[in-house]
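Keep in mind that what you see is a predicted model, and the values were worked out from it rather than measured.
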Amino acid sequence: MPAKSAVDAFITRWSSASGAERANYQLFLTELCVLLELPGPDPAREDTRDNAYVFERRVVFRHGDGSESFGFIDLYRRGHFVCEAKKVRKNEGKGYDDALLRARGQAEQYARALPAAESRPPFVLVVDVGNLIELYAEFSRSGATYTPYPDPQSHRIRLIDLADEAVRERLRAIWLDPASLDPSRRSAKVTREVAERLAEVARVLEAAGHGAQQVAAFLSRCLFSMFAEDVGLLPKRAFVDLLESLKGNPAQFVPLVGELWRAMDRGEFS
């Protein structure tokens, strides 16, 4: 990853940019790729099928009356993102947000206009040159709406935020492996890991002579107790702290945990 001095120099250089979007956006995005140690865009080719990662990628809009018109994506990386760049005056107030919203709408139109064989990319990027980058995602790539990524509170990356290594890694992933940012994939990975660990615990308990049905019921009660902590039915960490306290005193495990579960079952005080 780039040295802190390189990041600081990039932020300083572009925070003072005041030129028009057309004058600066390609340079800004090119230097951003250099900063993040990413491959730069390729030279454009006459056959658009060859333009998988280019500035000014042409798309065709087909209208209901049979006519056609053309548009140009500021920066396109096939299977990764459509990027629409603007240079918006920061003092426009509500007009600032409206300008970014229009840029987002334009980028989504470009994504929908891409050839079906290429499919829609998972990300739409809106760049206010020298100020911020907005991220929108649609991982199903089925035509659904692009939504703020990772959430509406943190989908805007300000220029100064590039000092955060986690932010830079997020941008690198969009360029290199956007599917790795899909929350459903991360959830599936966590679910698999938890299932593997529970299976190992179950095997140990069954090997100690406990029946499979008894082990399954025990683990289910443990999981429910942890869930009850998370949603506030039990005080935070009440069950987990009880387990921690019993690691050195296993003889007390059955009476103390059993007492807790009986109280939970009957609605009594513990």
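- No more than 12 heavy-atom neighbours from other residues, nucleotides or ligands sit within 6.0 angstrom of CD1 on Ile160.
- Between Glu68 and Arg62, at least one side-chain N (NZ, or NE/NH1/NH2) sits under 4.0 Å from a carboxylate O, which counts as a salt bridge.
- Taking each heavy atom of Leu38 and Trp175 in turn, the nearest pair found is CD1-CG, 3.5 Å.
- Looking at Glu138 and Ser140, their side chains do bring a donor and an acceptor atom within 3.5 Å of each other.
- By the side chain to side chain donor-acceptor pair (under 3.5 Å) test, Arg120 is found to be paired with no residue, residues two or more places apart in sequence or in another chain being considered.
- Put simply, the side chain of Glu134 never gets that close to the backbone of His155: no donor and acceptor are under 3.5 Å apart.
- Residues passing the side chain to side chain donor-acceptor pair (under 3.5 Å) test with Asp47, sequence neighbours excluded: Arg49.
- Across every non-hydrogen atom of Arg168 and Leu162, the tightest pair is NH1-O, 2.8 Å.
- The environment of Arg221 atom CZ is sparse: at most 12 non-hydrogen atoms of other residues, nucleotides or ligands sit within 6.0 angstrom.
- Aromatic pair Phe139/Phe123: ring centres closer than 6.0 Å.
- Side-chain contact check for Tyr96 and Asn131: at least one donor-acceptor pair (N or O, by modelled atom type) lies under 3.5 Å.
- For Glu200, the CD atom is densely surrounded, since the number of other residues' heavy atoms within 6.0 Å is greater than 12.
- Looking at Arg172, its side chain does come within 3.5 Å of a backbone N or O of Glu37 through a donor-acceptor pair.
- Counting heavy-atom neighbours within 6.0 Å of Lys4 NZ, excluding the residue itself, gives a total of 12 or less.
- Within 6.0 Å of the CZ atom in Arg45, the count of heavy atoms belonging to other residues, nucleotides or ligands exceeds 12.
- Counting only distance, with no hydrogens or angles, the side chain of Lys86 and the backbone of Ala99 share no donor-acceptor pair below 3.5 Å.
- A cation-pi arrangement, defined by a distance under 6.0 Å to the six-membered ring centre and an angle within 45 degrees of its axis, is present between Arg77 and Tyr53.
- Between Ser5 and Asp8, the side chains place no donor N or O within less than 3.5 Å of an acceptor N or O (distance only, hydrogens not considered).
- Of all non-hydrogen atoms in Ile73 and Leu114, the two that sit nearest each other are CD1-CD2, 4.0 Å.
- A salt bridge links Arg104 with Glu108; the closest basic N to acidic carboxylate O contact falls under 4.0 Å.
- Between the side chain of Glu84 and the backbone N or O of Val127, no donor-acceptor pair lies under 3.5 Å.
- Within a 6.0 Å radius of CZ in Arg158, other residues, nucleotides and ligands contribute 12 heavy atoms or fewer.
- In this structure, the ring of Phe227 has its center no less than 6.0 angstrom from the ring center of Phe239.
- Taking both residues in full, the closest heavy atoms of Asn249 and Gln252 are given as ND2-CG, 2.9 Å, listed atom of the first, atom of the second, then distance.
- Applying the side chain to side chain donor-acceptor pair (under 3.5 Å) criterion to Asp65, with sequence neighbours excluded, gives Ser67.
- Counting only distance, with no hydrogens or angles, the side chain of Asn51 and the backbone of Val54 share no donor-acceptor pair below 3.5 Å.
- At distances below 3.5 Å, not a single donor-acceptor pair connects side-chain atoms of Arg78 with backbone N or O atoms of Glu118.
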